[in-house]
Every structure is written in structure tokens, then in C-alpha cells.
Amino acid sequence: MEAELNNALAELRGLLLDDAGSFVSAVAAGRRKGQDAPAPTKLRPVTVKGRELLQLETADGAGPTVRNVEPGEAAAVVDELLARPYGNWHVVTTDRTVAVRITKRGKAFVHRTDEGGQRVTAHDRVKSHLLAPDDPLFAAVGADAAKRRQVDRFLTLVDGKLGEVAAPLHVVDFGCGNAYLTFAAYKYLSGVRALDVTVTGVEIREEQRVHNNAVADKLGYAGGMHFVADTAADASLPDTDVVLALHACDTATDEAIARGVELGAAHIFAAPCCHHDIAEQLKRVKAPAPYRSLVADGILRERFADTLTDALRALLLRSLGYEVEVSEFIASQHTPRNSMIWARPAQTPAALRTAARLDYDALVEQWGLRPKLAELLDAG
Ligand SMILES: C[S@@+](CC[C@H](N)C(=O)[O-])C[C@H]1O[C@@H](n2cnc3c(N)ncnc32)[C@H](O)[C@@H]1O
């Protein structure tokens, strides 16, 4: 078993230090059972003042630290990294990808594909991506630049929150549409993170299910992912670890969140779309004094509905004991629908749950609202 692991690490060493200039990028992450987790590290070649260096980006604690390594030191640095107890290595060269997953018993599983990447060494390429925008996957699913960016930012947030996860993992993407996020999540988690993952895409439109399953077949992913045509509320699903919803229309986001709660998901990531439900209710209600001006004009009412809907969603989840963060997952110039609700079950003190519930009750009573999420969670 040890010889097998040594062979796998020797293969990675050869790819990382290849003299022919074919190395594109690498990620070392995860940990081996019973060992401390080494800081995740990304590697790539960079050209600085005409000299090619090896760049290491290490995510340790406060944020990423970047270090450029001289060619003479590269072998020693790579050897030191390979000696660390990472659970996963993912190395891309110009003509192949090699992923190594090391099990808790120290057995190395090596997965090789002849899918290479594009070598970009310009030092000014400062933006890091989980999946390169030119990853062939995006062309296969037909995602434009804006969607690629959204998907990458969404997955970056997912990656950070997931941290170390116990495989196998079942991920559901609700309201998946063309499934840009669904495919990218599968490729990232099963490929780059080398996790034992299955992904289900749920989409109300049957023709989209047929199309997405055909794309999964074409990409060779059908063994690990599939699509069902149903509403997020009604789809029949097994136990689920991670719920994703990127711009699931209106109350489909509520359905996704409620299913995440019902299925016992360890993480819910929902980037909401339009908020028609509460916006429509705000048209009809008598606003409490002195807040009438918040809903008198259409645009203000719409924006207020966005904020109020997500605030009520967060309060409901907190009242159920969830840890919740509402943040921006991407800058607003890329999409105006750029907020993200992340939630995970937590042992929050009863006083915090009660406070959230009281705030929720006061808001819905003052505004005369019936949020969809409360109905779905039977928490009205
Ligand atoms: C705005 S698109 C977003 C698609 C995809 N997540 C993306 O980001 O590209 C919303 C998708 O949700 C689907 N949808 C709407 N209501 C739904 C529901 N209740 N359950 C499941 N899917 C739904 C729509 O058909 C549409 O494909």
C-alpha cells in the first residue's frame, strides 16, 4: 500500500516539476485520517520579469499567502508539500489531469483523464478560479462569461464553508435550469477535491431534465450525477448533505431552503432571485407608520421586498437553531441578484432562537405578511 502511495506521489512530483513546461496548476487539500490538516495549497507557474517561477498560494488562517519559488528551490519545496498528509491532490498539465485521493488507510486512488488545461503564466493573472473560465466543461454546458463567474464565485463560497467534509456526499442543486452550477459543482467536488460525491439537479422543466442528463452522459459524469424534473418542494430525494440554489425563481428558493431543512442538509447555500411573493403582498398591505414611503414607489418596494424576504428567511432559520450568514457572493456589476444565504444546523442557545422568533413574529405582524418559507416549514 505504501509503495502504491509512493508511486502516486512520484507521478505527481514528475508532473509538478516537469521541465517541458507542461504544468498548468495543482491543488493540494484535505487531510488524512488521524493527521492534522495541512493548509490547502494551490500551485501554478508564473512568469516574473521573464523568469519562470513556481507560485504557491496557501490558505492558512487569516487569508491566502502567496510565495514565488525560484527554479533552484522548486524541487525541495514540492518534496516538502508531497510529504505533508494531504488527502487530495489534483494536478492539471497541458495534456492531462491526475487526481489522487488518499484514503484513511493510506491507500492511494489515482484518477487520470486526458483532459488538459491551458498554461497561463502571466504574473498579472491575479484572479484565482476554482475552475478556470476556459475549462472545457463550461463550453459543453454553454455558460457565458457572466454565468461562469457567478458559478465560480458561488463555488468558492461553498468550498470555504464546506472545509473538511466526510464523504460520501450528496449534493442537490434546486432550480438548476441549464445546470451550469450543477456540473461545475460535480466537477470541482469529485475532480479537484477528489470527494466521493453524487449530485442531483432538480428542475421543474422536463425538457431541461432530458437535456441535462444528455450533457452528463456526454461528459462522462452520468455515474455521479443525474437530473430529475419536479418542483423543489416535491422532488423525491435521498438524504442530502448540501443544498445549492442559484437564482431559483421567487419562492423556489423557499422550497429549496425548506427541503434543505427537511432533508437534514449540513449546509444550505441559496442565492435568491426575484422576490415577487413578498413584493406582491407589500402592494396590498397597509404599511406600518412611518414606513409607507418604503413601499409607495415600485422600485423601492421591490428593493425593500428583496431585503425583507431574505431577512425573514434568515430569522426563521435562526429561530430553528441554524447558524446563518447573509452575504454578497459576487460583486453587483456581475449580477444584481448577488446575495447569498448560507445556513447550517447549529447548537445555538435557546435565547438566540427565541429572540429570532420574536423579531420574525413582530415583522410579519407589523407588515401583515405570510412568507412562503414559514408555510413550507410549517412555522407560520
Ligand atoms: C433563473 S433560473 C436559474 C437556473 C440556474 N440555477 C442558473 O443559475 O443558471 C431558475 C430555474 O428554476 C426553475 N424553477 C422555477 N420554479 C421551480 C420550482 N418550484 N422547482 C424547481 N425548479 C424551478 C426554472 O424553470 C428555471 O430553470
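One is the number of the first residue; the rest follow in order along the sequence. Both counts, for ligands and for their atoms, begin at 1 and track the order of listing.
Applying the 4.0 Å criterion to heavy atoms of C176 picks out, from ligand 1, the atoms 4 (C), 5 (C), 6 (N). Near Y180, with a cut-off below 4.0 Å to any heavy atom, the atoms of ligand 1 are 9 (O). The ligand atoms of ligand 1 that sit less than 4.0 angstrom from a heavy atom of T231 are 19 (N), 20 (N), 21 (C). Close approach of ligand 1 to R205 (heavy-atom distance below 4.0 Å) involves ligand atoms 25 (O), 26 (C), 27 (O).
When each of R259, R313, R370 is tested with D254 by the rule salt bridge (Lys or Arg N to Asp or Glu O under 4.0 Å), just one qualifies, namely R313.
Taking distance alone, with nitrogen or oxygen atoms compared against 3.5 Å, F174 stays at or beyond that limit from ligand 1. In terms of N/O distances under 3.5 Å, ligand 1 is approached by E203. Taking only nitrogen or oxygen atoms, main chain and side chain alike, H247 does not reach within less than 3.5 Å of ligand 1. Of the N or O atoms in A232, one or more lie within a sub-3.5 Å distance of an N or O in ligand 1.
A side-chain donor-acceptor contact under 3.5 Å links H334 and R149. One side chain, H170 or T200, offers a donor N or O that lies under 3.5 Å from an acceptor on the other.
Protein heavy atom nearest atom 4 (C) of ligand 1, with residue, atom name and distance: G175 O, 3.3 Å.
With rounding to the nearest 0.5 Å, the separation of NE2 in H226 from OH in Y186 is 12.5 Å.
For T182, the heavy-atom gap to ligand 1 stays at 4.0 angstrom or more.
Of the charged side-chain nitrogens involved, none lies within less than 4.0 Å of a carboxylate oxygen, so that D230 and R209 do not count as a salt-bridged pair.
Taking all heavy atoms of K147, R259, E255 into account, the minimum distance to atom 7 (C) of ligand 1 is reached by K147. With A143, G201, A252, G177 as candidates, the residue nearest to atom 18 (C) of ligand 1 on a non-hydrogen basis is A252.
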